[in-house]
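In what follows, a single structure is set out as structure tokens and then discussed.
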Amino acid sequence: MAKLLEGKPVAEKIKEELKKQVSAMPKPPVLASILVGDNAGAQAYVKSQKKTAEGLGIVYQLHSLGNETDEKSLIDFVNKLNADNSVNGIIIQMPLPAAIDYKNISRHISPGKDIEGMNPQNFGRIVFGQAQILPCTAAAVMELLKESGVDLYGKEVVVVGHSEIVGKPVTLLLLDKFATVTVCHIGTSKAGKLEEHVKKAEVLIVAVGRAGLIKGEWVKVGAIVIDVGINRVAERIVGDVEFEAAEKRASFITPVPGGVGPLTVTMLMRNLVEATKAQL
Ligand code: NDP
């Protein structure tokens, strides 16, 4: 039976350290959070971010913009926050209204205040192994792998999902650790090759958003499984991996909820603290 890789205890350790760093600062860091529209999911994230931030002594400043906000006015707003010296970090809540493309916005967040690590300048630094700010979910995955104690050097790692926020940055970070990385995506599934790749994984990272995509019996015995997926199925939250079957084969597995999720928001706060230190 696999050991559970829970995010909360790791997050608590990191938060204790962050709290000390924040209290040693001349003034509390300020996180400016932009919420466009009234999406219920985004509102829930805001609530949990605010609670985490305030627990660390961080000032959480919420800027709610109306549903009618267009790309230009959002960019203008971001520029205002970029120029405001009292603001240390900026986050844009997802999802944005359909008319706004996040990619067109993220490049306008000043790299020094981009605590989601999605400005192309910050993202590009990952390629050169010089990242200062890492995309939060990818950073959370790497923290959990560290917690498992695995030495990634030469390991067969399979990443399922190649999104900009998880799959791609995690792949680059794993390469930096000299893992042998295979990246699977919709093309892999359509070619009928997902099972074949997953079965080889000594470390499996899944970030797709489809409940039960990864069958428990595909998990290699002794594998480490990090399930990033969040899916609501019949009032329950589940990941992308069939948990009950997979936990009988894996050596470590993240629960959903309770695995990657609790760490992601902590990584955001760590990025804010790092950004603030650099600004000081
Ligand atoms: P995206 O929708 O941006 O990306 C999903 C990825 O999965 C894409 O690369 C897509 O490929 C690929 N994909 C889709 N269908 C298949 C398939 N059948 N087989 C293989 N690959 C497939 O999602 P995100 O990366 O933003 O999020 C992924 C999941 O992680 C979601 O459930 C999300 O809720 C969760 N999440 C959890 C976080 C946490 O803190 N725990 C934080 C962020 C996300 P293609 O683009 O080619 O179609």
Side-chain angles (χ1 to χ4, degrees), residues 4-8 10-11 14-15 39-49 51-52 91-96 98 101-103 106 115-118 123 134-145 147 157-174 181-201 204-215 218-219 225-233 236-243 253-271:
L4 283 185
L5 265 179
E6 288 178 296
K8 214 167 163 197
V10 185
I14 297 171
K15 283 197 279 191
N39 180 275
Q43 283 169 344
Y45 287 133
V46 162
K47 232 169 126 183
S48 115
Q49 285 164 8
K51 191 168 163 222
T52 308
I91 172 172
I92 297 179
Q93 303 299 332
M94 300 299 285
L96 285 167
D101 183 351
Y102 178 69
K103 286 196 197 95
S106 59
I115 56 169
E116 290 183 279
M118 294 309 290
F123 205 89
L134 293 177
C136 304
T137 313
V141 169
M142 296 310 285
E143 280 299 327
L144 285 171
L145 287 176
E147 191 63 19
V157 183
V158 174
V159 178
V160 188
H162 65 162
S163 71
E164 281 82 18
I165 67 160
V166 197
K168 281 183 185 137
V170 112
T171 297
L172 293 168
L173 294 171
L174 290 162
V181 191
T182 303
V183 186
C184 300
H185 39 71
I186 190 70
T188 320
S189 280
K190 290 215 164 133
K193 292 186 175 163
L194 186 61
E195 174 179 355
E196 169 189 330
H197 288 293
V198 167
K199 281 184 162 169
K200 286 190 211 146
L204 175 65
I205 297 157
V206 190
V208 172
R210 275 196 55 186
L213 176 70
I214 306 296
K215 306 292 165 223
W218 296 356
V219 171
V225 179
I226 311 282
D227 189 351
V228 183
I230 301 176
N231 309 287
R232 185 174 288 277
V233 175
R236 272 181 64 217
I237 301 288
V238 298
D240 293 340
V241 180
E242 285 181 348
F243 183 84
I253 189 165
T254 54
V256 179
V260 179
L263 255 179
T264 303
V265 62
T266 305
M267 295 296 107
L268 181 73
M269 301 306 155
R270 185 167 79 178
N271 283 347

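All ligand and atom numbering here is 1-based and tracks the order in the structure.
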### Ligand-residue contact atoms, ligand 1 with Gly261, heavy atoms, under 4.0 Å
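That gives atoms 40 (O), 41 (N) of ligand 1.
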
### Message
Taking 4.0 angstrom as the limit and counting only heavy atoms of Arg210, give me the atoms of ligand 1 inside it, by number and element.
### Response
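Ligand 1 atoms under the 4.0 Å threshold to Arg210: 18 (N).
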
Determine whether any heavy atom of [X] lies closer than 4.0 Å to an atom of ligand 1.
{"X": "Val166", "result": "yes"}
{"X": "Gly167", "result": "no"}
{"X": "Gly229", "result": "yes"}

Taking [Y]'s backbone N and O only, do any of them form a donor-acceptor pair with [X]'s side chain (distance below 3.5 Å, no angle check)?
{"X": "Asn271", "Y": "Glu116", "answer": "no"}
{"X": "Ser48", "Y": "Ala44", "answer": "no"}
{"X": "Lys215", "Y": "Gly212", "answer": "yes"}

### Task
Would you kindly say whether Gln43 and Gln93 are connected by a side-chain donor-acceptor distance under 3.5 Å?
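No, because no side-chain N or O of Gln43 sits under 3.5 Å from a partner of the opposite role on Gln93.
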
### Message
Salt bridge check, Glu143 against Arg270: does any charged N sit closer than 4.0 Å to a carboxylate O?
### Response
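Salt bridge present between Arg270 and Glu143.
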
Which bit of [X] is near ligand 1, meaning a heavy atom under 4.0 Å away: side chain, backbone, both or neither?
{"X": "Ile186", "value": "both"}
{"X": "Ile230", "value": "both"}
{"X": "Ile165", "value": "side chain"}
{"X": "Leu213", "value": "side chain"}

Return the [atom1] to [atom2] distance between [X] and [Y], rounded to the nearest 0.5 Å.
{"X": "Trp218", "Y": "Leu204", "atom1": "CH2", "atom2": "CG", "value": "10.0 Å"}
{"X": "Ile91", "Y": "Met118", "atom1": "CD1", "atom2": "CE", "value": "11.5 Å"}
{"X": "Ser189", "Y": "His197", "atom1": "OG", "atom2": "NE2", "value": "10.0 Å"}

For [atom], what is the closest protein heavy atom, and at what distance to 0.1 Å?
{"atom": "atom 31 (C) of ligand 1", "answer": "Gly209 CA, 3.7 Å"}
{"atom": "atom 36 (N) of ligand 1", "answer": "Val228 O, 3.7 Å"}
{"atom": "atom 12 (C) of ligand 1", "answer": "Gly161 CA, 4.0 Å"}
{"atom": "atom 10 (C) of ligand 1", "answer": "His162 CD2, 4.3 Å"}
{"atom": "atom 21 (N) of ligand 1", "answer": "His185 C, 3.2 Å"}

Would you say [X] and ligand 1 have an N/O pair spaced under 3.5 Å apart?
{"X": "Val260", "result": "no"}
{"X": "Thr137", "result": "no"}
{"X": "Ser163", "result": "yes"}
{"X": "Ser189", "result": "yes"}

### Query
Looking at atom 27 (O) of ligand 1, is any protein heavy atom nearer than 4.0 Å to it?
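For atom 27 (O) of ligand 1 the answer is no, since every protein heavy atom stays at 4.0 Å or beyond.
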
### Message
Judged on heavy-atom distance to atom 22 (C) of ligand 1, which of Val208, Ile226, Thr264, Val159 sits nearest?
### Response
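Result: the heavy atom closest to atom 22 (C) of ligand 1 is in Val208.
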
### Query
Between Val225 and Thr254, is any pair of side-chain heavy atoms under 4.5 Å apart?
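No, side chains not in contact.
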
### Query
Less than 4.5 Å apart, any side-chain heavy atom of Thr188 and any of His185?
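A side-chain contact under 4.5 Å exists here.
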
### Task
Over all heavy atoms of both residues, which pair between Thr266 and Ala11 is shortest? Give the atoms and the distance, please.
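Where Thr266 meets Ala11 most closely, the heavy atoms are OG1-CB, 3.4 Å.
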
### Task
Tell me, yes or no, whether the heavy-atom count around Tyr102 atom OH, taken from other residues, nucleotides or ligands under 6.0 Å, exceeds 12.
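Count over threshold, so yes.
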
